[in-house]
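This is a predicted model, so every value here is computed, not measured. Every chain is numbered from 1, with letters handed out A, B, ... down the list of sequences.
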Amino acid sequence: MSQVANLSWPWRITLGYLTIMLLLPVSALILKASTENPADFWRIATSPVALATYDVTFVTSLIAALINGVFGTLIAWVLVRYDFPFKRVIDAAIDLPFALPTSVAGLTLASVYSNNGWIGSLLAPFGIKVAFTRLGVGVAMIFISLPFVVRTLQPVLQDMEKEIEEAAWSLGASRWETFWRVVLPPLLPAILTGISLGFSRAVGEYGSVVIVASNVPFKDLIASVLIIQRLEQYDYSGATVIGTVLLLISLGILLAINLLQAWGRRYEL
Amino acid sequence: MSYNVAGKSFYPDLEPSEPSSPAKPAREVNWVKIVLISVTLLYLSLVMFIPALNVFVEAFKAGVGPFLKNLTEPAFIHAIKLTVLIALIVVPVNTVFGLCAAWVIARNHFRGRTLLISILDVPFAVSPVVAGLMIVLLYGRNGWFGPLLESANIKIIFAMPAMVLASAFITLPFVAREVIPVLEEAGSEQEEAAKTLGANDWQIFWRVTLPNIRWGLLYGVILTNARVMGEFGAVSVVSGNIARKTQTLPLFVEEAYKQYQTQAAYSAAVLLALLAVVTLILKEVLEQKTRIKNVD
């Protein structure tokens, strides 16, 4: 106790604010979930509707994060290694998904990818529907997690010495071999970190998805929207159980990201 | 050749063959470069640039007149006022907290420091909807403090206090995250020197620490502000979304869209998109500032 009294003001504010703003709400959720009978908890957590939303949420997030893993690597490479007109503007614009409110992102993606939208109308003749389907959920998740791989990879690429690649070429390695065996391995920790950050963000995404999807169970309903639907029906147990599942998985991903980053730092040395 | 730069010749015996080998890759590089840049631009256009452009085109489709008329709607004006008011509360509070947390983490080595950094990151990992749910479980009618608040006649859920709490939760780490690396880089020597010269804590912070971290701090404040003004998920869970009462600008966008008032939705969306653009420009300027400082 005397130790607490001796703490300086920054310490007191940090610990006090974290307790009220962060630890209290998290414990409210977990304690409320633990008052649930374990059998009931399991039944709600694994009900067919819940399982279908996990499928849409996690599988779509993973695919979106992987697509951004490939294209994010490409974007980072192009931005670091090449010069072309408007490069600075494009580089600055990469952060747009961070800055643009998610409801605006959802609104415009729904309109661009709807059957009479700019891009949707080009896809419609092939029978591809994007807005109000699971594909639309994927597009929204790709949009909001786009910057992560680019921004984690850029500084690593900037520091990487070109000499090693050129040495590999001069030793007769093909361009593909050079990329696969020389360039990619040291970038891998950063790419994986970026993918997991993007995955984590996509799993939690709500605003853009709720607008671009039709939110029909077993079709394109995500876990976050299911929580809201449960709350609207005053089904607090249902909302709490699914919220807890989502929270625990998010914390798991956070832990994985921290481990990945530690691994990446070790790679640097 | 660049692999000989600074006397670092990796494979000196290969040097004689140099003149013949670079000629071929040089042409190939151009070709690869064009393809890679095109694919990049195509991808960015499909998922980002075209949707972003669409916001502005849709908003001004019917001309500037209807756009300006939408801006004078009472529900819209109320949404702007509420959004700004929430930001005016949350941004300063989270700035003070962020500065304290950054100081605690950057200037002290204690057990559990890594844990504290991870805890700080929790709001990034948690879905905004789950954040909103937690606040409902704490302050809602059936929540921990529900009966207490009800007897004191204080309304938090479906009112502004909950919207402030939700926005503050979501943006908790931003300032600390930006300030920690700057504080670490600045080092504590100047602060210690000031202390031995007899400055008090407040003088040290105001005259020594703050000038060192000002750009990082400003960047964190701008990110916090952008996120608070744009937050949708967490706020929509706790607000009840009542027009002219508990509706912020992002909630207004969704509501108008659902009511098929597409024009009104896009008019509000343009304001939020402009906020995003201003945020990006300021971010770019601040990054230039810090880069120039690093070179010095």
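Nearest heavy atoms, A:Ser103 versus B:Val253: OG-CB, 3.9 Å. Nearest heavy atom pair, residue B:Leu272 against residue A:Pro101, reads CB-CG, 3.7 Å. Here the closest non-hydrogen pair linking B:Ala269 and A:Leu107 is CB-CD2, 3.7 Å. Listed here is the closest heavy atom pair of B:Ser118 and A:Leu254: O-CD2, 3.8 Å. The shortest non-hydrogen separation linking B:Val129 to A:Ile228 is CG1-CG1, 3.7 Å. Contact between A:Leu246 and B:Ser127 at its shortest, heavy atoms only, is CD2-CB, 4.1 Å.
Contacts between B:Phe110 and chain A at a heavy-atom distance below 4.5 Å involve the side chain alone, from C-beta outward. Both the backbone and the side chain of A:Thr240 come within contact range of chain B, judged by heavy atoms closer than 4.5 Å. The contact between A:Ala93 and chain B is made by backbone and side chain atoms together, counting heavy-atom distances below 4.5 Å. Looking at A:Asp95, both its backbone and its side chain come within 4.5 Å of chain B, counting heavy atoms on both sides. For chain A, the nearby parts of B:Phe169 are the backbone and the side chain; heavy atoms of each come within less than 4.5 Å. With a threshold of 4.5 angstrom between heavy atoms, A:Tyr236 approaches chain B through side-chain atoms but not through N, CA, C or O. In this structure, chain B has a heavy atom under 4.5 Å from the backbone of A:Asp83, while its side chain stays farther away. Contacts of B:Val136 with chain A are made by side-chain atoms alone, with heavy-atom separations under 4.5 Å and no backbone atom involved. Looking at A:Ile119, the atoms closer than 4.5 Å to chain B (heavy atoms on both sides) all sit in the side chain, from C-beta outward. At a 4.5 Å heavy-atom cutoff, the contact between B:Lys283 and chain A is made by side-chain atoms alone. In this structure, the portions of A:Trp11 lying under 4.5 Å from any heavy atom of chain B include both its backbone and its side chain. At a 4.5 Å heavy-atom cutoff, the contact between B:Leu280 and chain A is made by side-chain atoms alone. In this structure, chain B has heavy atoms under 4.5 Å from both the backbone and the side chain of A:Ile75. Using a 4.5 Å cut-off between heavy atoms, A:Ile222 does not touch chain B at all. Residue B:Thr114 does not touch chain A at all, counting heavy-atom pairs closer than 4.5 Å. Only the side chain of B:Asn108 has a heavy atom closer than 4.5 Å to any heavy atom of chain A. Using a 4.5 Å cut-off between heavy atoms, A:Val112 touches chain B through backbone and side chain atoms alike. If you measure heavy-atom distances from B:Phe145 to chain A, the contacts under 4.5 Å come from the side chain alone. Contact annotation for B:Ile117: neither backbone nor side-chain heavy atoms come within less than 4.5 Å of a heavy atom of chain A.
Listed options A:Val26, A:Ile257, A:Val203, A:Leu251 were ranked by heavy-atom pairs under 4.5 angstrom with chain B; first place goes to A:Val26. Counting heavy-atom pairs under 4.5 Å between each of A:Ile211, A:Leu109, A:Ile142, A:Thr102 and chain B puts A:Ile211 at the top. Across A:Thr244, A:Leu255, A:Val78, A:Val225, the residue that shares the most heavy-atom pairs under 4.5 angstrom with chain B is A:Val78. Most heavy-atom pairs under 4.5 Å with chain B: of the set A:Ile253, A:Ile227, A:Leu22, A:Leu247, this distinction falls to A:Leu22. Interface check for chain A: of the options B:Thr262, B:Ile135, B:Val122, B:Leu120, the most heavy-atom pairs under 4.5 Å are formed by B:Val122. In terms of non-hydrogen atom pairs under 4.5 Å with chain B, the most contact-rich of A:Leu100, A:Ile90, A:Asp91, A:Leu74 is A:Leu74. Top candidate by heavy-atom pairs under 4.5 Å with chain B, chosen from A:Leu231, A:Leu24, A:Leu15, is A:Leu24. Residue with the most contacts toward chain A among B:Trp103, B:Trp144, B:Tyr139: B:Trp144 (heavy-atom pairs, distance under 4.5 Å). When the candidates B:Val270, B:Asn94, B:Val277, B:Leu41 are compared by the number of heavy-atom contacts under 4.5 Å with chain A, B:Asn94 comes out ahead. Listed options B:Thr279, B:Val130, B:Leu36 were ranked by heavy-atom pairs under 4.5 angstrom with chain A; first place goes to B:Leu36.
Atom CG of A:Leu146 is separated from atom CE of B:Met48 by 5.5 Å, given to the nearest 0.5 angstrom. To the nearest 0.5 Å, atoms OG1 (B:Thr171) and CE (A:Met21) are separated by 8.0 Å. The line from OH of A:Tyr82 to CG of B:Asn30 is 9.5 Å long, rounded to the nearest 0.5 Å. For the atom pair OG of A:Ser208 and CD of B:Glu254, the computed distance is 11.5 Å after rounding to the nearest 0.5 Å. In this structure, CG on B:Leu133 lies 9.5 Å from NZ on A:Lys32, to the nearest 0.5 angstrom. With rounding to the nearest 0.5 Å, the separation of CG in B:Leu53 from CH2 in A:Trp118 is 4.5 Å.
Open room surrounds CZ on B:Arg141; 12 or fewer heavy atoms of other groups in view lie less than 6.0 Å from it. More than 12 heavy-atom neighbours from other residues, nucleotides or ligands sit within 6.0 angstrom of NZ on A:Lys87.
In this structure, the side chains of B:Asn54 and A:Tyr113 stay at 4.5 Å or more apart for every pair of heavy atoms. Within the 4.5 Å cutoff, side-chain heavy atoms of B:Leu172 are placed close to those of A:Tyr17. The side-chain heavy atoms of A:Thr108 and B:Phe56, taken from C-beta on, include no pair separated by under 4.5 Å. In this structure, the side chains of A:Phe71 and B:Val39 come closer than 4.5 Å at one or more pairs of heavy atoms. Using a 4.5 Å cut-off on side-chain heavy atoms (C-beta onward), B:Thr40 and A:Leu79 make no contact. Between A:Leu18 and B:Leu116 there is a side-chain heavy-atom pair separated by less than 4.5 Å. You'll find the side chain of A:Val210 reaches within 4.5 Å of the side chain of B:Phe232, heavy atoms only.
With 3.5 Å as the limit, one finds a donor-acceptor pair spanning the side chains of B:Tyr266 and A:Ser111.
Judged by distance alone, the side chain of A:Thr14 and the main-chain N or O of B:Ala101 form a donor-acceptor pair under 3.5 Å.
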Query raised in the report: Would A:Ile94 and B:Leu44 satisfy side chain to side chain contact (heavy atoms under 4.5 Å, CB included), going step by step from the backbone distance to the final call?
Result: CA-CA 9 Å; A:Ile94 295 286; B:Leu44 286 176; 4.0 Å; yes

